[in-house]
Amino acid sequence: MARVYRFMEVCGTHTVNFFRFGLRKLLPPEVELVSGPGCPVCVMPPEEVDFLVEVARKPGVVVCAFGDLLKVPGSKGSLREVRAQGGGVRLIYSPMEAVHLAASEPEKKIVLAGVGFETTAPAHAVALLEARKRRLRNFFFFSALRIMPPPLRALLSDPELALDGLLLPGHVSAVIGSRPYTFIAEEFGLPGVITGFEPRDMLEGLARLLELARSGRPTIEIQYRRVVTPEGNPWGKRLLKEVFRPVDGRWRGLGLIPGSKLALAPDFEEFSAEKTFSLEPKPLPEPPGCACGKILRGQKRPPECPLFGKRCTPETPYGPCMVSSEGACAAYFRFAESENP
Ligand code: SF4
């Protein structure tokens, strides 16, 4: 029997696009793909959702959040429910919208919910710099921003995962470059290919990953060369360094990971939503029965969760992996019929 190579597609957009473009049907039987932790709202622990829900219920407060986050259930409901009950929740498409809102409604406290990885963090940094420039006293920031390399180290340290390589995220890498991944090759002896999002990119990246794994060459390569360089984007990296600092952070399914979250740098702490509202998110257990944690660790496939497609659907999500369009459960639910058996 042919040896099976087990690769993790780290990024949620890759997970969805393998289904959307029908690429999974083209994969040879020797390739097994497992989903990784690259969906920002899926990896938010429940206490972070609860923090935002609690703040949004306060009079005179408006929480500004991207669409996916609104539906994520915490232990006290979701931001969508708070909004339906008349609470202060605003759907935004750019962090700068929250700054404009704070400037135009000075009697309200505006809280920007910062969610995403290194890809979206620079846009949040720009919003914070603008708020400081305008001397806004009613603009606050809650960070659920996370950094991608530390969870990869945590995952690869788990001997049960047994991966043969990683398809690495194109957009995160456009900011950080390829160098932060060298530990994957040097410490874990695995190859990784930073890959774009068009069908051709993904097939090319996967084919190269298979080639490297087959020939036993642990190295990090860039397939997405039109966007990613080894050094990354100096402007984006400078913004992150100026506005944020890395701190230990809890990830759903992965627990506490050193240096994996972006908190406000000391010069920006005046914007801290936690300090303003004297609330500190306390670790909470995950929803009972939800296998999201195991899915994010590549230990289970979504259809193996007993709630998949029954109690948990994109319309009525029980766990976060069913909420986001980049969530593995939502992708399997939408495209399951096109998957290889
Ligand atoms: S199907 Fe729903 S309950 Fe099951 S793991 Fe996915 S998100 Fe969690």
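As the structure lists them, so they are numbered: ligands from 1, and atoms in each ligand from 1.
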Note to self: Looking at every non-hydrogen atom in both residues, tell me the closest pair between Pro320 and Val41 and how far apart they are.
What the structure shows: CB-O, 3.8 Å
Notebook entry, point to check: Could you go step by step and tell me if Cys321 and Cys292 meet the disulfide (SG to SG under 2.5 Å) rule?
Noted result: CA-CA 6 Å; Cys321 297; Cys292 219; 1.9 Å; yes
Margin query: Quick check: Phe244 with Phe268 (ring centres under 6.0 Å apart)?
Written below: no
Notebook entry, point to check: Could Arg146 and Glu48 be called an ion pair, given the rule that one side-chain N must be under 4.0 Å from one carboxylate O?
Noted result: yes
Next item on the list: Could you tell me which atoms of ligand 1, counted from 1 in the order shown, lie closer than 4.0 angstrom to a heavy atom of Ile295?
Entry: 5 (S)
Next item on the list: Indicate whether any N or O donor in one side chain lies under 3.5 Å from an N or O acceptor in the other, for Asp158 and Gln299.
Entry: yes
Margin query: At less than 4.0 angstrom from any non-hydrogen atom of Ala291, what atoms of ligand 1 do you find?
Written below: 5 (S), 8 (Fe)
Note to self: Using 2.8 Å as the threshold, say whether any N, O or S atom from Cys312 sits that close to atom 2 (Fe) of ligand 1.
What the structure shows: yes
Next item on the list: May I ask you to say whether Glu231 pairs ionically with Arg179, meaning some side-chain N is under 4.0 Å from a carboxylate O?
Entry: yes
Next item on the list: Please write down residue, atom name and distance for the protein heavy atom closest to atom 4 (Fe) of ligand 1.
Entry: Cys305 SG, 2.3 Å
Check: So which heavy atom in the protein is nearest atom 6 (Fe) of ligand 1, and how far is it from that ligand atom?
Finding: Cys329 SG, 2.3 Å
Next item on the list: Run the contact test for Cys292 against ligand 1 with a 4.0 Å cut-off on heavy atoms, strictly below, and give the result.
Entry: yes
Notebook entry, point to check: How does Cys290 reach ligand 1, by side chain, by backbone, by both or by neither, if only non-hydrogen atoms under 4.0 Å count?
Noted result: both
Next item on the list: Run the numbers for me: atoms of ligand 1, each under 4.0 Å from some heavy atom of Tyr318, listed by number.
Entry: 3 (S)
Checklist line | Check: Phe142 ring centre within less than 6.0 Å of Phe51 ring centre | finding: yes
Margin query: Need the ligand 1 atom indices (1-based, order shown) with element for anything under 4.0 Å from a heavy-atom of Cys321.
Written below: 7 (S)
